[in-house]
Amino acid sequence: MAKLLGKEGKKLTTLKAREMNKDETTFARHIKPLDNLGCNNLILDHNLIHLPSPSSRVSIEMEDTSPATQNCSASITDLDMDALVHCASYLNLQDLSNMAISCKYLQRAAYSDSIWQSLFRQQWSPLVHTVFPHTSTAREAYLARRTDLLQFKFIDPVVLDFPTEAKPHENLHLDKDNIIFSQGSSIHVLNIENFLCGRDPYVTLRDHTARITSLRLIPFEETCLYSSKMKKNDNLLVTSSFDHSIRLWWKGHCQRSFRGHNGSVSTLSDKLLGDRPSKILASGGLDGTVRLWSLDSSGKRGQHALKATLYGHEKPVVLMSVAGHKTSLLVSISRNSKEGKRGRQKELKLAASSDCFHFFSLEK
Amino acid sequence: MASTTETKQKKMLILKSADNDEFEIEESVGVQSETIKNLVEDGFTFVPLPNVYTKALIKIIDYLKKHANKTDSNDEEIKTFDKDFVNTTFDDLFELVSAANYLHISCLMNMLCQTIADRIKDKSPEAVRKIFHINCDYTPEEEAKIRKANAQAFEGQFDESLD
């Protein structure tokens with residue numbers, strides 16, 4: 001907005017000019033020729049005036065009626081409390097504290113219950129009771145709990161009793177609200193929230209036909225299967241079984257099945273191989289082989305997913321691990337305690353074909 | 001009702017600012033504001049906005065127009081626009097926050113509040129006061145008390161600079 005100050009006798013008149021787009025035709029009615037205003041002296045207020053560009057027009061009108069625009073020095077303390085609380089909701093504990101110390105009005109925003117309730121929910125499991133005693137504010141309750149935790153006072157372990165089948169449990173995982181474990185050939189997913197709400201908490205996945213040997217959770221984001229449609233924190237569930245298959249699960253269903261081991265699949269690597277987003281999964285079998293599978297092979301039956309078979313162990317492979325410092329290194333151990341170390345020295349894209357694998361044996 | 005010769009024309013709304021300026025915008029642009037949307041659903045085509053001044057309204061209309069034409073291809077362009085949009089004085093920011101709050105434009109509100117919050121982040125109370133030209137209204141005793149209350153478990157260095 002530009003201001004024109006015109007001196008007309010003793011009366012000082014403030015004019016304002018607006019640069020506007022062609023299509024804002026409603027302004028047309030305000031346009032008055034400058035010389036109609038009868039100004040003797042026209043002063044440009046600072047350098048605020050915008051010269052009209054060829055594609056725009058300038059409208060000028062008398063502004064005696066609206067004192068509001070002259071008072072434009074807004075302060076943070078003039079902000080609506082709701083808006084200020086909204087701003088404060090982007091701050092962490094430390095910043096909220098500093099905000100509260102600066103002045104009383106900001107303190108009211110920084111201490112508001114809604115902010116501390118949401119901090120509470122972000123920080124702690126939904127199992128923790130968020131009903132605060134009447135005597136304290138949400139902030140006091142949050143800080144009291146925080147202090148307790150810093151002093152290792154674990155005052156409220158949540159104990160829940162779940163009925164399960166009488167078979168032995170194997171491969172236990174906690175994935176957000178879900179407790180995942182296997183029993184024989186079945187995978188059980190137990191949803192804590194459903195349990196608390198009185199709904200049936202169990203989902204049982206029964207696609208495997210023999211005992212499940214290994215169950216891994218892999219963040220979707222680290223895999224090549226990740227797409228923007230998925231939620232960020234979702235995990236991919238991978239299982240291996242005595243039924244010779246490896247299965248990939250998400251959205252509550254078996255989405256892929258890899259077959260190729262000549263016998264039971266005894267173990268899975270704890271992570272995917274190669275740089276993110278990774279697509280190689282390693283498995284070990286009772287036949288002593290380590291096999292590498294490509295996750296991005298199309299088709300539900302996982303045809304052509306098997307990219308390489310590594311021979312080295314004579315006995316069943318029992319454990320495997322991908323190196324933390326370098327995801328192209330895989331170590332495996334077999335039942336006869338001989339150790340084989342397999343290293344990949346080329347890029348993953350090359351390594352996807354078996355020709356590029358280098359095999360190092362540490363066996364003596 | 002639109003006359004027969006104008007059936008193809010887009011539905012228009014007139015917004016009137018607190019300083020009595022009128023702006024004509026397409027209905028599809030205006031309804032990004034929940035407040036305007038509710039009025040449109042009640043059949044209004046003339047929307048007086050007694051809490052929004054012309055200066056802020058012009059900017060907000062720019063914003064709404066830009067965001068109404070959001071497609072996959074102009075994502076970068078809109079990001080640049082948004083960045084420029086919030087790169088302004090506190091006076092403007094606060095006025096825009098009040099306007100966006102009144103108009104219930106949540107994406108704009110989030111962006112503006114995040115911008116203000118970013119200026120508070122990692123700053124000492126003194127720096128916050130200086131940045132926002134706040135007069136401390138605590139008595140020295142009150143200030144000492146609230147500092148003590150907030151000191152629990154908060155150790156760390158704050159940024160005293162005013163950037």
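To find a chain, count down the sequence lines: A is the first, B the second, and so on, and within it residues start at 1. Excluded from the calculations below are hydrogen atoms, water molecules and symmetry mates; all remaining heavy atoms, backbone and side chain alike, are included.
- Closest of all the heavy-atom pairs between A:Q107 and B:I146 is NE2-CD1, 3.1 Å.
- Atoms OH and CD1, on A:Y105 and B:I134 in that order, are 11.5 Å from each other to the nearest 0.5 Å.
- The minimum heavy-atom distance linking A:A83 with B:M109 is given by the pair CB-CE, 3.6 Å.
- For the residue pair A:I76 and B:F94, the shortest heavy atom distance occurs at N-CE1, 3.2 Å.
- Between A:S75 and B:F132, the closest side-chain pair of non-hydrogen atoms is not below 4.5 Å.
- A:D95 places a side-chain N or O within donor-acceptor distance of the main-chain N or O of B:D122, the cut-off being under 3.5 Å.
- Across B:Y138 and A:S102, no two heavy atoms sit closer than the pair CE1-C, 4.2 Å.
- The line from CD of A:Q94 to CD1 of B:I120 is 13.5 Å long, rounded to the nearest 0.5 Å.
- Counting heavy-atom pairs closer than 4.5 Å to chain B, the top residue among A:T77, A:D82, A:D80, A:L91 is A:L91.
- Residues B:N110 and A:H86 bring a donor and an acceptor atom of their side chains to less than 3.5 Å of each other.
- Heavy-atom minimum distance, B:S98 versus A:L79: OG-CD2, 4.0 Å.
- Contacts of residues 30-44 of chain B with chain A at a heavy-atom distance below 4.5 Å are absent; not one residue qualifies.
- Comparing B:T115, B:N101, B:T89, B:L93 by heavy-atom pairs within less than 4.5 Å of chain A, the highest count is held by B:N101.
- For A:L96, no part lies near chain B; criterion is any non-hydrogen pair under 4.5 Å.
- Residues of residues 75-88 of chain B lying under 4.5 angstrom from chain A, judged on non-hydrogen atoms, do not exist.
- Neither the backbone nor the side chain of B:E126 has a heavy atom closer than 4.5 Å to any heavy atom of chain A.
- Between the CD atom of B:Q114 and the SG atom of A:C87 there is a distance of 9.5 Å, given to the nearest 0.5 Å.
- A 4.5 Å side-chain heavy-atom check between B:V128 and A:L106 finds at least one atom pair inside the cut-off.
- Between B:K123 and A:M99 there is no side-chain heavy-atom pair separated by less than 4.5 Å.
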